[in-house]
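What follows is one structure encoded as structure tokens, with my remarks underneath.
The basis for the numbers below is simple: all heavy atoms, side chains too, and nothing from hydrogens, waters or symmetry mates. Index from 1, following the sequence.
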Amino acid sequence: MTPNNNKTVLFVFSLSATIEAERKPLFGVSKKNVSKEFFRLLNKKTLQIAKNSGVDVVWIDETQQKGKTFNERYANAYQSLFDQGYENVISIGNDTPNLTSHHITTAIKTLSHQQLVFGPSKDGGVYLLGYTEKAFDEKVFRNFSWLTSKLSNELKDYAVQEELSFSVLETLQDIDSKKNALEFAYTNQKSTFAVYILFHLTSVKTKYENNTLDFRPNILLHSFLLRGPPSQ
């Protein structure tokens, strides 16, 4: 396929729905299939949003990730895409239901004139992270406090210290526990994801049984797509 002119790539750094359900049994250990369907739905929406961004898209799950630790795997994903000739690399996860195409297009535009952009999560992590090739330092990247509440502040402090130009997107709620799944659901009750969460995690289900939202739980992620890397 024809590469995009600005040599930007968006990659989804995630796990398959099956592995996500094993690691994050949001609906209880006895209902892993319910968790699996939930992550399939999240994957479906994430892929749709990514493909609407207008740039090259790559889905990197556990079958493509390389490295012993999360830090290594994440850093390797960025570096491999820069090595393919991309000048701007943006990553998102699959656990932020309120992520929209607007957040991604804003990040893409930001990297045309700044070096770093990120979207903080309510728990202190990030749901989106974009770098220009010149600003990316693999060694420094591996040493950030990944998977902790310190991350977003750490990224900001680093950018200020190194005098990198950067922008911060709005804060969004990600979902990686039963607690924040319910928090998301009660504050976004019109969302398809909220319907699913409340139906399976609350005792009063009749309120949601007749909802008219387009919820189809048996969604499989059939393709990871995608376009080729930029021409050298």
Side-chain angles (χ1 to χ4, degrees), residues 1-14 43 45-61 64-67 70-96 98-121 125-144 146 151-172 174 224-232:
M1 295 185 180
T2 303
N4 61 82
N5 293 329
N6 60 3
K7 294 191 175 182
T8 297
V9 63
L10 170 69
F11 76 93
V12 185
F13 193 75
S14 179
N43 285 349
K45 182 184 178 184
T46 301
L47 182 60
Q48 289 175 335
I49 291 171
K51 291 172 71 174
N52 287 338
S53 67
V55 297
D56 293 359
V57 177
V58 179
W59 190 288
I60 303 179
D61 65 11
Q64 288 91 37
Q65 295 172 13
K66 298 180 180 179
F70 176 88
N71 301 31
E72 291 178 357
R73 293 191 293 272
Y74 201 20
N76 288 339
Y78 272 91
Q79 190 61 60
S80 67
L81 292 168
F82 283 127
D83 289 345
Q84 290 180 48
Y86 289 106
E87 296 175 359
N88 304 320
V89 178
I90 300 170
S91 72
I92 58 174
N94 72 335
D95 58 356
T96 308
N98 280 342
L99 177 69
T100 67
S101 297
H102 176 70
H103 295 110
I104 296 173
T105 56
T106 298
I108 293 168
K109 292 176 183 177
T110 296
L111 289 182
S112 67
H113 58 87
Q114 294 191 324
Q115 297 169 291
L116 174 69
V117 59
F118 65 91
S121 301
V126 295
Y127 62 85
L128 179 151
L129 178 61
Y131 271 92
T132 61
E133 182 179 15
K134 291 182 180 179
F136 184 76
D137 184 319
E138 185 176 2
K139 183 177 180 180
V140 171
F141 188 92
R142 291 189 183 201
N143 287 325
F144 284 134
W146 299 108
L151 181 62
S152 60
N153 285 333
E154 199 171 84
L155 285 168
K156 183 177 180 179
D157 291 344
Y158 171 75
V160 171
Q161 178 182 335
E162 297 299 316
E163 299 184 342
L164 299 177
S165 57
F166 71 99
S167 286
V168 182
L169 305 179
E170 69 172 314
T171 300
L172 297 180
D174 60 0
F224 300 143
L225 152 358
L226 319 178
R227 308 175 186 172
S231 55
Q232 302 296 318

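The side-chain contact (heavy atoms from CB on, under 4.5 Å) with L169 is formed by just one residue from the set L99, I104, L128; it is L128.
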(request) Run the numbers on L151 and F118 for side-chain contact (heavy atoms from CB on, under 4.5 Å), then give the verdict. (result) CA-CA 11 Å; L151 181 62; F118 65 91; over 6 Å; no

(request) Could you walk me through whether V58 and V9 pass the side-chain contact (heavy atoms from CB on, under 4.5 Å) test, one step at a time? (result) CA-CA 8 Å; V58 179; V9 63; 4.0 Å; yes

(request) For the pair L129 and V89, evaluate side-chain contact (heavy atoms from CB on, under 4.5 Å) and give the outcome as yes or no after the intermediate values. (result) CA-CA 8 Å; L129 178 61; V89 178; over 6 Å; no

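Judged purely by distance below 3.5 Å, without hydrogens or angles, the side chains of D157 and Q161 never pair a donor atom with an acceptor atom.
T100 is linked by a side chain to side chain contact (heavy atoms under 4.5 Å, CB included) to H102, H103, counting only residues two or more places apart in sequence or in another chain. E162 meets the salt bridge (Lys or Arg N to Asp or Glu O under 4.0 Å) test with no other residue; sequence neighbours excluded. Not counting sequence neighbours, the partners of F141 by the ring pair (Phe, Tyr, Trp, His ring centres under 6.0 Å) test are Y74, Y78, Y131, F136, W146. Scanning for side chain to side chain contact (heavy atoms under 4.5 Å, CB included) contacts around T110 gives T106, Q114, V117, S167, with sequence neighbours left out. With sequence neighbours excluded, no residue forms a salt bridge (Lys or Arg N to Asp or Glu O under 4.0 Å) with D174.
When atom types are taken as modelled, the side chain of N94 and the backbone of S14 share no donor-acceptor pair closer than 3.5 angstrom. Of the possible donor and acceptor atoms, none in the side chain of Q65 sits under 3.5 Å from a partner among the backbone N and O of A77. Looking only at distances, no side-chain donor or acceptor of S101 sits under 3.5 Å from a matching main-chain atom of S53.
F166 is not listed as a side-chain neighbour of Y158, based on a closest heavy-atom distance of 4.5 Å or more.
The CG atom of N52 sits 11.0 Å away from atom CG of L10, with the distance rounded to the nearest 0.5 Å. The distance from atom OH of Y127 to atom CG of N98, rounded to the nearest 0.5 Å, is 9.5 Å.
Applying the salt bridge (Lys or Arg N to Asp or Glu O under 4.0 Å) rule to pairs touching residues 127-138 yields E138-R142, sequence neighbours excluded.
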